[in-house]
**Q** 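Quick one: the structure is below, and I'll ask about it shortly.
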Amino acid sequence: MPAFHPEFRHGVRSSLPLLIAVGPFGLVTGVAMAAGGIPPLEAMAMSILIYAGASMLAATQLIVEGAPAMVIVMAAFIVNLRLFMYSASIRPYLAGEPLHRRLIVSYALVDNPYALFLQRFGTHPDAPGKFDYFVGLSVPIWLCWQATVAAGLLVGHQLPAVWKLEFAAPLALIAMTVPFLRERAMIAAAASAGATAVLAHGLPLRLGLALAAVVGIAAGMATERWLGRRAS
Amino acid sequence: MSSATLWAVILSIAAATFWQRASFLVLPERFQLPALLKQALRYVPAAVLTAIWAPELMLRQGVLDLSPGNERLLAGVVAIAVAWRFRVTFGTTVAGLIALHLFDWML
């Protein structure tokens, strides 16, 4: 068996503190999917094939609400638009890597490893072992995520409806949103998107959701520009 | 939702998500996101996630309810406060669920 690249082991070590955040999030996601009536096999398929927590929670919420299939897929796509940004910004670091390695990185490209990867290599992009580091980061996170989602599914299916666990999905989404709200432009984006979604809820095909995304992004960008102009 | 539809939804999201992640990674390096688009994408998570949970708190059977009798709204406010202060998913979810039961029992 070939020895692991030192950067692989470094990646594994860097991932360990993150598991404290990934594990509970996986648990909550599993519980929410079970409470939303998604069968265990389908829920695990989501967890392994999609492997992006926010979109899984969003899809769960919309499945509970009985939204049409097309709307659910669109909503997950919009939630995951940030992945385009990740893909574009990590690309220069993997310039010399063959396609199959870049496809492996693609599958495992989630928020936490992305952030850690850029922290480590942002200042020295030519350092060796970047792929190995990313894989080292991703393996423990992947295992932890799948195990805790499975545990959450088990727990969620055992607990009776009086626990109101279906409310876990919006609560976990709140927990994901709030850390973004550290700048005024972000708060403007979230507040205006939330208000639009509430007011436009009656629109057919949940067009309110897409409308809210557009309004929120526009409000965020307008606020950013306005604050920038005032500062200069 | 039927099992076949659910599977179609899962596979579609999986394919779309993989495509989103692979998009720039499989292209030659010279393709980059335009700066304006990059700026816009920064606001996507906060905007879209809020657009999904806000109606869950503020609407009751499709009708706007911002009264103190809306236990989901109150529980949501508790969850936002916990998330703001402690930034933990699990704690936020548990606090929100406990608050929901508490307000439900009180009101």
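Computation of the quantities below employed the complete heavy-atom set of this structure, encompassing side-chain atoms and omitting hydrogens, waters and symmetry-equivalent molecules. Sequence lines set the chain letters: A, B, ... in the order given, protein chains first and strands last, and positions in each chain run from 1.
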**Q** As an exercise: rank A/M56, A/E65, A/M176, A/R82 by heavy-atom pairs under 4.5 Å with chain B and give me the winner.
**A** A/E65
**Q** Please name the pair of heavy atoms, one in A/L49 and one in A/Y107, separated by the smallest distance, quoted to 0.1 Å.
**A** O-CE1, 4.5 Å
**Q** Can you tell me how the ring of A/F77 sits relative to the ring of B/W19, calling it parallel under 30°, perpendicular over 60° and tilted otherwise?
**A** parallel
**Q** Looking at A/T196, A/V214, A/V79, which one has more heavy-atom pairs under 4.5 Å with chain B than the rest?
**A** A/V79
**Q** Of all of A/A212, A/G194, A/G216, which one pairs up most often with chain B through heavy atoms under 4.5 Å apart?
**A** A/G194
**Q** To the closest 0.5 Å, what do you measure between CD1 (A/I63) and CD (A/E42)?
**A** 10.0 Å
**Q** With a 4.5 angstrom heavy-atom cut-off, which part of B/W7 approaches chain A: side chain, backbone, both or neither?
**A** side chain
**Q** Compute whether any side-chain donor of one residue and acceptor of the other, for A/Y114 and A/S89, lie under 3.5 angstrom apart.
**A** yes
**Q** Between A/A219, A/A197, A/S87, A/A189, which shows the greatest number of heavy-atom pairs under 4.5 Å with chain B?
**A** A/S87
**Q** Flag the one option from B/L25, B/L11, B/I10 with the top tally of heavy-atom pairs under 4.5 Å to chain A.
**A** B/L25
**Q** Counting heavy-atom pairs under 4.5 Å to chain A, which of B/E56, B/M58, B/K38 comes out on top?
**A** B/E56
**Q** Please answer whether the main-chain N or O of A/L109 pairs with a side-chain N or O of B/R21 as donor and acceptor at a distance below 3.5 Å.
**A** yes
**Q** Could you tell me whether B/R42 and A/E224 make a salt bridge, using a distance below 4.0 angstrom between a side-chain N and a carboxylate O?
**A** yes
**Q** At under 4.5 Å between heavy atoms, what parts of residues 19-26 of chain A are in contact with chain B? List them by residue number.
**A** A/P24, A/F25
**Q** Sort B/L36 into side chain, backbone, both or neither according to what part of it lies under 4.5 angstrom from a heavy atom of chain A.
**A** both
**Q** Donor-acceptor pair, distance only, cut-off 3.5 Å: does the side chain of B/T5 make one with the backbone of B/M1?
**A** no
**Q** Dump the intermediate steps for side chain to side chain contact (heavy atoms under 4.5 Å, CB included) on A/F167 and B/T93, then the final yes or no.
**A** CA-CA 9 Å; A/F167 199 52; B/T93 310; over 6 Å; no
**Q** Among residues at least two apart in sequence or on other chains, which ones pass ring-ring contact (aromatic ring centres under 6.0 Å, His included) with A/F131?
**A** none
**Q** Within residues 27-34 of chain A, which positions have a heavy-atom distance to chain B below 4.5 Å?
**A** A/L27, A/V28
**Q** Answer with side chain, backbone, both or neither: which region of B/Q32 has an atom nearer than 4.5 Å to a non-hydrogen atom of chain A?
**A** side chain
**Q** Within a strict 4.5 Å, meaning less than it, do heavy atoms of the A/I90 and A/F134 side chains meet?
**A** yes
**Q** Would you please say whether a donor-acceptor pair under 3.5 Å links the side chains of A/Q146 and A/Y51?
**A** no
**Q** Measure B/V88 against the heavy atoms of chain A and call it side chain, backbone, both or neither at under 4.5 Å.
**A** backbone
**Q** With a 4.5 angstrom heavy-atom cut-off, which part of B/L64 approaches chain A: side chain, backbone, both or neither?
**A** side chain
**Q** Considering only heavy atoms, which portion of B/L97 lies under 4.5 Å from any heavy atom of chain A: side chain, backbone, both, or neither?
**A** both
**Q** Are the side chains of A/Y86 and A/D111 in contact, using a 4.5 Å heavy-atom criterion?
**A** yes
**Q** If you round to the nearest 0.5 Å, how far is CG of A/L171 from CG of B/L100?
**A** 7.5 Å
**Q** Can you tell me which of A/P92, A/A218, A/A69, A/A54 forms the most heavy-atom pairs within a distance under 4.5 Å of chain B?
**A** A/P92
**Q** Could you tell me which portion of B/L59 (side chain, backbone, both or neither) has an atom closer than 4.5 angstrom to a non-hydrogen atom of chain A?
**A** side chain
**Q** Taking side chain as C-beta onward, heavy atoms only, is A/S47 less than 4.5 Å from A/L153?
**A** no
**Q** Using atom types as modelled and distance alone, determine if a side-chain donor or acceptor of B/T17 lies under 3.5 Å from a backbone N or O of A/I50.
**A** no
**Q** Please look at A/R101 and chain B and tell me whether the side chain, the backbone, both or neither of the residue comes under 4.5 angstrom of a heavy atom of that chain.
**A** neither
**Q** Between A/A200, A/S106, A/A175, A/A193, which shows the greatest number of heavy-atom pairs under 4.5 Å with chain B?
**A** A/S106
**Q** Is the ring pair A/Y133/A/F117 parallel, tilted or perpendicular, if the boundaries are 30 and 60 degrees?
**A** tilted
**Q** In terms of heavy-atom pairs under 4.5 Å with chain A, which of B/A8, B/A79, B/A14, B/A16 leads?
**A** B/A14
**Q** Nearest 0.5 Å, please: how far is CG in A/L94 from CZ in A/R102?
**A** 8.0 Å
**Q** Heavy-atom pairs under 4.5 Å with chain A are the metric here; pick the option from B/L37, B/L41, B/L57 that has the most.
**A** B/L41
**Q** If you count heavy-atom pairs within less than 4.5 Å of chain A, which of B/A54, B/A95, B/A40, B/G96 leads?
**A** B/A40
**Q** Determine which pairs satisfy side-chain hydrogen bond (donor to acceptor under 3.5 Å, both in side chains) with at least one residue from residues 159-174 of chain A, sequence neighbours left out, and list them in order.
**A** A/K164-B/D104
